[in-house]
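In what follows, a structure is listed as structure tokens, so that the remarks can point back to it.
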Amino acid sequence: MSQEIRPEADFQAHLAQGRFMILRAKGSGRCFWPPRVAEPRTGDRDLEWVEASGEGVVYSTTVMRPRPPAAPYNVALIDLAEGARMMSRVEGPAPEEVAIGMKVSARIAQSEDGPLVVFDPA
């Protein structure tokens, strides 16, 4: 039996160490997001953390327009090279310039709430 998976705590600990990790089911080899204690399709609990390549493609994007003085930003769904899809944001271009099909690469950014995964155009 594999060691106990603590999805959010483990993920945050990896980020704090500068590592973008995702969960993979050992039986099927499928990676998934968000981290959880069992593979969504099969319920398999024999999981392992694997380092994500950081490569992805924008699946969907929208522009969020908060009240001024806050600046607009995008929220995007990113299809990771490993097969998982995650919600994040693409930084660098103006929010309106983030497009479906854009190739992106992950990096770990710091926020007031701690480290998080964001994407830059590849």
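One-based numbering along the sequence shown.
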If you look at every heavy atom in [X] and [Y], which pair is closest and at what distance?
X    : Y    : value
V118 : L116 : CG1-CD1, 3.6 Å
F32  : P40  : CG-CD, 3.6 Å
I100 : S60  : CG1-CA, 4.1 Å
M64  : V75  : CG-CG2, 3.5 Å
S105 : P121 : OG-O, 4.4 Å
G56  : I78  : CA-CG2, 4.0 Å

With rounding to the nearest 0.5 angstrom, report the [atom1] to [atom2] distance, [X] to [Y].
X    : Y   : atom1 : atom2 : answer
R24  : D46 : CZ    : CG    : 11.5 Å
R30  : L47 : CZ    : CG    : 11.5 Å
M21  : E48 : CE    : CD    : 9.0 Å
I22  : E51 : CD1   : CD    : 10.0 Å
D10  : L15 : CG    : CG    : 11.0 Å
M102 : E97 : CE    : CD    : 7.5 Å

*After noting the C-alpha distance and the side-chain angles of E91 and R89, does the key distance pass the salt bridge (charged side-chain N to carboxylate O under 4.0 Å, His left out) rule?*
CA-CA 6 Å; E91 295 189 337; R89 66 179 184 249; 2.8 Å; yes
*Hey, does the side chain of N74 reach the backbone of V90 with a donor-acceptor pair shorter than 3.5 angstrom?*
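Side chain of N74 to backbone of V90, a donor-acceptor pair under 3.5 Å: yes, one is there.
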*asked:* Quick test of your reading of the model: are E8 and R36 salt-bridged, counting only N-O distances below 4.0 Å?
replied: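 Salt bridge flag = no for R36 with E8.
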With a 4.5 Å cut-off on side-chain heavy-atom distances among I, L, V, M, F, W and Y, is there a chain of contacts connecting [X] to [Y]?
X    : Y    : answer
V117 : L77  : no
Y73  : F119 : no
V50  : F20  : yes

*Within 45° of the six-membered ring axis of Y59 and under 6.0 Å from that ring's centre, is NZ or CZ of R85 located there?*
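Output yes; distance and angle both within limits.
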*Do S28 and E39 have a side chain donor and acceptor closer than 3.5 Å?*
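Yes, a side-chain donor-acceptor pair sits under 3.5 Å.
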_Tell me if the centroids of the rings in F11 and W33 come within less than 6.0 Å of each other._
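Between F11 and W33, the centre distance is under 6.0 Å.
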*Heavy atoms, side chains only, cut-off 4.5 Å: are L80 and M86 in contact?*
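SC-SC contact between L80 and M86 confirmed.
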